[in-house]
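Please read the structure below before turning to the comments.
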Amino acid sequence: MLATKARTQLPAVLRSHCGITCNKGGRISHLQLSSLGNLTHLTHLNAPHNSLYGSLYQSSRFFLSLYSLKIVDLSYNLFSGELPFSLPSQNIRMNDLSSNHLHGAIPSSFFQQAWNLTSFNVSNNTFSGSIPSSICLHSSPLIRLSDFSFNEFTGNISQGLGVCSKLQAFRAGYNNLLGLLSEDIYNATTLEEIALPRN
């Protein structure tokens, strides 16, 4: 179950919708994502700076049903666990999961449908393993921002960043990365920022 201390007032029609529970003041107190059902037309899922918690991996069935989703901002919450195997929609442009309690490796399959992804931020979690190069292979040429900073990533930065022809910012500081940057990074001619401190 996902819970929140959000202070957003909801219309009565939503308060009575299965899966959303409000307190006596009409404010959201609980969201049961697996019960929300038919949200196939939802395009924006913005819920940053709340106290939402639970596993995105265990809620992956719900997320995979969001075919029209374009914006996901679940930053500054209390989500934990690993990421699902893929993004829920090929339409997603922005995915911000920063400042949660997510961990594990990011599966390379996560980006298989990321054809329209322009911004990917998973900073300030405890992800491990290598930074996936598949982000550029599948989302190229649209990705502009990739932020992997403040995690526990290890190893070299894989080849493939140069395929991101519109990449403007690549951040991966405060990890355990080592080695040289791949030479193909110089193919990313729009790159304005590479931030790799404390590796």
Inter- and intrachain pairs under ring pair (Phe, Tyr, Trp, His ring centres under 6.0 Å), touching residues 174-199, at least two apart | Phe150-Tyr174

Tell me whether Leu181 is reachable from Ile131 by hopping between hydrophobic residues (I, L, V, M, F, W, Y) whose side-chain heavy atoms are closer than 4.5 Å.
-> yes

For Gln58, enumerate each residue passing the side-chain contact (heavy atoms from CB on, under 4.5 Å) test, keeping only those at least two apart in sequence or located in another chain.
-> Ser55

Of all residues at least two apart in sequence or in a different chain, which pass the ring-ring contact (aromatic ring centres under 6.0 Å, His included) check with Tyr57?
-> Phe85

All ring-ring contact (aromatic ring centres under 6.0 Å, His included) counterparts of Phe148, not counting sequence neighbours = Phe120, Phe153

Go through the structure and list residues passing side-chain hydrogen bond (donor to acceptor under 3.5 Å, both in side chains) with Asp184, not counting sequence neighbours.
-> Ser182

Connected hydrophobic set around Leu178, excluding itself, where side chains approach under 4.5 Å = none

With sequence neighbours excluded, tell me which residues meet side-chain contact (heavy atoms from CB on, under 4.5 Å) with Glu192.
-> none

Qualifying salt bridge (Lys or Arg N to Asp or Glu O under 4.0 Å) pairs, either residue in residues 168-181, two or more places apart = Asp147-Arg171, Arg171-Glu193

Which residues pass the side-chain contact (heavy atoms from CB on, under 4.5 Å) test with Asp96, sequence neighbours left out?
-> Asp73, Ser75, Met94, Ser98, Asn121

Note, Thr126 side chain near His101 side chain (heavy atom, < 4.5 Å) = no

Excluding sequence neighbours, so at least two apart, what forms ring-ring contact (aromatic ring centres under 6.0 Å, His included) with His49?
-> Tyr76

List for me each residue that meets side-chain contact (heavy atoms from CB on, under 4.5 Å) alongside Thr118, sequence neighbours excluded, and say none if there are none.
-> Arg93, Leu142, Arg144

Verify the cluster assignment for Val72 and Leu145: are they in a single hydrophobic cluster under the rule of side-chain heavy atoms below 4.5 Å apart?
-> no

Euclidean distance, Ser89 OG relative to Asn116 CG, rounded to 0.5 Å = 8.0 Å

